[in-house]
Amino acid sequence: MMKKLIIAGGSGFLGSILINHFQNQFEEIVLLSRKQKEPSHNVRTVLWDAKNVAGWKNEFEDTDVVINMAGRSVDCRYHKKNRDAILNSRVDTTTIIGKAISQCSNPPQVWLNSSTATIYRHSLETPMTEVNGEVGTGFSVEVAKAWEQAFFDSNTHLTRKVALRTSIVLGKDGGALQPIKKITQLGLGGKQGDGKQKFSWIHQDDFVRSLDFLIKSDTLKGPFNIVSPMVTTNSELMKYMRSVLKVPFGLPASKPLLEIGAFIIRTETELLLKSRYVIPERLIKAGFTFTHPELKKALYNLLA
């Protein structure tokens with residue numbers, strides 16, 4: 001059993017499944033959060049503002065693992081206020097964690113920091129790997145680049161660092177699968193746009209298992225694509241959703257209709273229309289095996 005795990009931004013869906021997975025592997029788990037939570041078993045909360053090290057810096061001494069999941073949701077309209085919040089929430093938290101680690105006498109052994117598979121360009125035909133993937137353009141990509149730069153530029157040479165280029169995590173009780181389930185049940189589960197855009201995803205179990213694998217593999221560092229090896233399309237995703245949920249039909253949504261809908265619900269169509277063709281080449285080469293590589297079977301596991 002390892003001694004201590006710190007999770008920054010661990011109060012949401014991903015934090016919950018990380019706690020459930022790692023709770024019996026660490027003597028203590030510390031959540032860095034803006035809101036106090038009741039302690040549970042070996043999990044406690046330490047308040048932070050993600051901008052100053054006062055009050056929580058010493059938690060990093062003698063810590064085995066740090067996982068940073070902090071960052072404002074991208075499910076919003078990209079006007080200036082939200083753009084600034086999305087960018088700053090990621091860069092500032094990463095920078096301040098790096099500062100805290102750099103001041104440790106006995107720093108953490110490994111630091112896993114969130115990134116995003118959206119760092120790669122829109123691609124319908126060419127798979128994007130960590131080695132050969134082409135970085136894209138646009139706001140989301142600029143955020144991803146700044147996020148990773150803050151991570152890798154931090155002065156933490158005694159701590160192994162892994163950037164988690166994570167795709168959409170499909171889970172039972174949260175995350176992106178729940179709104180997709182809802183629209184499918186309402187009869188709106190047809191393809192979005194032309195439906196040809198690639199859909200990179202990962203089952204929640206493989207998400208936490210991949211992080212566990214990276215923690216315990218002492219030499220692995222740098223960026224890793226946290227995605228299923230079997231990429232599908234938006235059309236296939238919605239077809240499988242209808243099949244699993246036993247919904248006989250799904251109305252498609254054209255790009256103009258999606259633009260109107262996104263404006264009404266205050267989000268961006270990029271979340272649906274960008275083609276993310278991302279492959280976990282480094283995980284596969286390192287020997288990681290997926291328990292849920294196929295989307296249809298994964299959806300049955302999560303929804304049926």
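Positions are given from 1 along the sequence.
When all heavy atoms of Phe152 and Ala163 are compared, the pair lying nearest together is CZ-CB, 3.7 Å. Residues Val208 and Ile17 approach most closely at CG1-O, 3.7 Å, considering heavy atoms. The two atoms that bring Gln23 and Ile29 nearest to each other are CA-CD1, 3.7 Å, heavy atoms only.
Residues Leu5 and Phe213 are members of one and the same hydrophobic cluster, defined by side-chain heavy-atom contacts under 4.5 angstrom among Ile, Leu, Val, Met, Phe, Trp and Tyr. Residues Met2 and Leu220 share a hydrophobic cluster, clusters being chains of Ile/Leu/Val/Met/Phe/Trp/Tyr side chains in contact below 4.5 Å.
With Pro229 as the partner, the side chain to side chain contact (heavy atoms under 4.5 Å, CB included) test is satisfied by one option alone out of Ile284, Ile279, Thr289: Ile284. Applying side chain to side chain donor-acceptor pair (under 3.5 Å) to Thr118 and the options Arg276, Lys274, Arg165 leaves one that passes, Arg276. Each of Lys198, Lys239, Lys196, Gln192 was evaluated against Asn234; a single residue qualifies, Gln192, per the side chain to side chain donor-acceptor pair (under 3.5 Å) test.
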For this session: Could you walk me through whether Val244 and Thr184 pass the side chain to side chain contact (heavy atoms under 4.5 Å, CB included) test, one step at a time?
Result: CA-CA 10 Å; Val244 172; Thr184 302; over 6 Å; no
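When side chains are defined from C-beta on, Arg72 does not count as touching Asn88, because their heavy atoms never get closer than 4.5 Å. Put simply, the side chain of Leu170 reaches to within 4.5 Å of the side chain of Leu295, judged on heavy atoms. Using a 4.5 Å heavy-atom threshold, the side chains of Ser210 and Leu283 count as touching.
Ring-plane geometry between Phe151 and Trp111 is classed as perpendicular, the angle between the planes exceeding 60 degrees on a 0 to 90 degree scale with a lower cut at 30.
A salt bridge does not link Glu142 to Arg83: none of the charged side-chain nitrogens sits closer than 4.0 Å to a carboxylate oxygen.
Other residues, nucleotides and ligands contribute over 12 non-hydrogen atoms within 6.0 Å of the CG atom of Asp153.
With sequence neighbours excluded, the residues satisfying side-chain contact (heavy atoms from CB on, under 4.5 Å) with Pro107 are Ile101, Cys104, Leu158, Thr159. Listed by chain and residue number, nothing satisfies the side chain to side chain donor-acceptor pair (under 3.5 Å) test with Ser89 (two or more places apart in sequence, or in another chain).
Counted by atom type alone, Thr291 and Asp205 present zero donor-acceptor pairs between their side chains at under 3.5 Å. When only modelled atom types and interatomic distance are considered, Asn106 and Glu61 share no side-chain donor-acceptor pair under 3.5 Å.
The side-chain hydrogen bond (donor to acceptor under 3.5 Å, both in side chains) analysis of residues 213-222, with sequence neighbours excluded, yields the pairs Gln25-Lys216, Asp212-Lys216.
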